[in-house]
Amino acid sequence: MTRGRERNGVPRYTLTAIALHWLSALLIVAAFVLGMTMVDIPGITPTKLKYFSWHKWLGVTVFALACLRLLWRLGHRPPPDPASMPAWQRGAAHAVHWALYGLVFAVPLSGYFYSLAAGVPVVYLGVLPLPVLIAPDPQLKETLQGVHYALNMAMAALVVVHLAAVIKHQWIDRDRLLARMLP
Ligand code: HEM
């Protein structure tokens with residue numbers, strides 16, 4: 001397992017990890033905002049259907065990136081925590097990171113199975129039909145709609161905690177932790 005790289009003696013993430021992190025973050029925010037917007041459009045309009053498709057494609061891309069990130073993570077250890085960090089903060093940071101890893105899989109999967117349970121197979125970018133793994137099921141559809149929403153809210157809450165920690169490190173501890181995740 002490799003340990004990331006260093007610049008001026010400061011350990012940092014590899015460029016692959018940095019690219020995967022920021023691309024995932026951008027697409028997750030886009031999928032989240034689009035998801036919240038599209039469900040509020042009344043009735044069934046061409047715009048609504050278009051947003052649903054874009055939302056699903058974004059989500060499937062997030063899932064694919066999550067697979068790549070997990071593969072990267074299994075082969076690389078992230079740079080070590082700053083020595084000044086108390087044990088409880090290390091524990092909390094690692095718990096939030098692993099929970100976010102779980103959610104970048106669980107959120108798209110719940111949306112994917114919701115779509116299948118609703119009887120709408122997913123055609124990635126309008127050209128690649130993805131596997132239809134379950135039959136339409138109205139009751140499961142109801143459940144998965146709530147699950148997709150709840151997992152999204154959990155992810156949003158953890159992202160807020162994650163951002164609060166970045167702000168604390170950057171402007172209170174001033175330990176330049178953010179620089180490790182910047183190119
Ligand atoms: C990171 C990935 C994803 C994020 C952040 C995300 C986020 C959201 C959000 C915030 C909503 C609105 C929930 C509500 O207010 O009820 C939503 C709804 C929805 N999502 Fe996702 N989603 C993701 C992935 C997916 C995927 C991969 C699919 C399917 C392939 C999908 C299918 C849907 C559908 C069909 C709805 C509409 C639910 C309804 O009709 O109430 N999502 N999503």
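Counting starts at 1 for both ligands and their atoms, following the listed order.
Aromatic ring orientation, Phe63 versus Phe105: perpendicular (interplanar angle above 60°, classes split at 30° and 60°). By the 30° and 60° cut-offs, the orientation of the rings of His148 relative to His55 is perpendicular.
Between Met181 and Trp22 there is a side-chain heavy-atom pair separated by less than 4.5 Å. Side-chain contact between Val107 and Phe32 is absent, with no heavy atoms from C-beta onward closer than 4.5 Å. Arg180 has its side chain within reach of Leu177: a pair of non-hydrogen atoms, C-beta onward, lies under 4.5 Å apart.
Regarding atom 7 (C) of ligand 1, its nearest protein heavy-atom neighbour is Asn152 OD1, 3.0 Å. Closest to atom 13 (C) of ligand 1, if we only count protein heavy atoms, is Tyr149 CD1, 3.7 Å. In terms of protein heavy-atom proximity, atom 40 (O) of ligand 1 is closest to Tyr114 OH, 3.1 Å. Among all protein heavy atoms, the one lying closest to atom 28 (C) of ligand 1 is Gly111 C, 3.5 Å. His55 CE1, 3.3 Å is the protein heavy atom nearest to atom 6 (C) of ligand 1. Protein heavy atom in closest approach to atom 36 (C) of ligand 1: Met38 CE, 3.4 Å. Nearest non-hydrogen protein atom to atom 3 (C) of ligand 1 is Val107 CG1, 3.5 Å. With respect to atom 39 (C) of ligand 1, the closest heavy atom belonging to the protein is Gln145 NE2, 3.3 Å.
Counting non-hydrogen atoms of other residues, nucleotides and ligands closer than 6.0 Å to NZ of Lys48 gives a total above 12. The local environment of CZ in Arg176 is sparse, with at most 12 non-hydrogen atoms from other residues, nucleotides or ligands closer than 6.0 Å. Enclosure of atom NE2 in His162 is not indicated, since only 12 or fewer non-hydrogen atoms of other residues, nucleotides or ligands lie within 6.0 angstrom.
The shortest N/O to N/O separation between Ser115 and ligand 1 does not fall below 3.5 Å. Of the polar atoms of Tyr112, none of the N or O atoms is found under 3.5 Å from an N or O of ligand 1, judged by distance alone.
Each of the following atoms of ligand 1 lies closer than 4.0 Å to a heavy atom of Gly59: 2 (C), 24 (C), 27 (C). Using a 4.0 Å cut-off to heavy atoms of Val62, the atoms of ligand 1 that qualify are 1 (C). Numbered from 1 in the order shown, with element, the atoms of ligand 1 that lie under 4.0 Å from a heavy atom of Met155 read 5 (C). Taking a cut-off of under 4.0 Å to the non-hydrogen atoms of Val122, the atoms of ligand 1 that pass are 30 (C). Here is the list of ligand 1 atoms found below 4.0 Å of a heavy atom in Val60: 27 (C).
Of the possible donor and acceptor atoms, one in the side chain of Ser115 sits under 3.5 Å from a partner among the backbone N and O of Val120.
With distances taken over non-hydrogen atoms, the option nearest atom 25 (C) of ligand 1 out of Met153, Lys56, His148 is His148.
Transitive grouping of hydrophobic side chains (ILVMFWY, heavy atoms separated by less than 4.5 Å) brings Val39 and Val62 into a common cluster.
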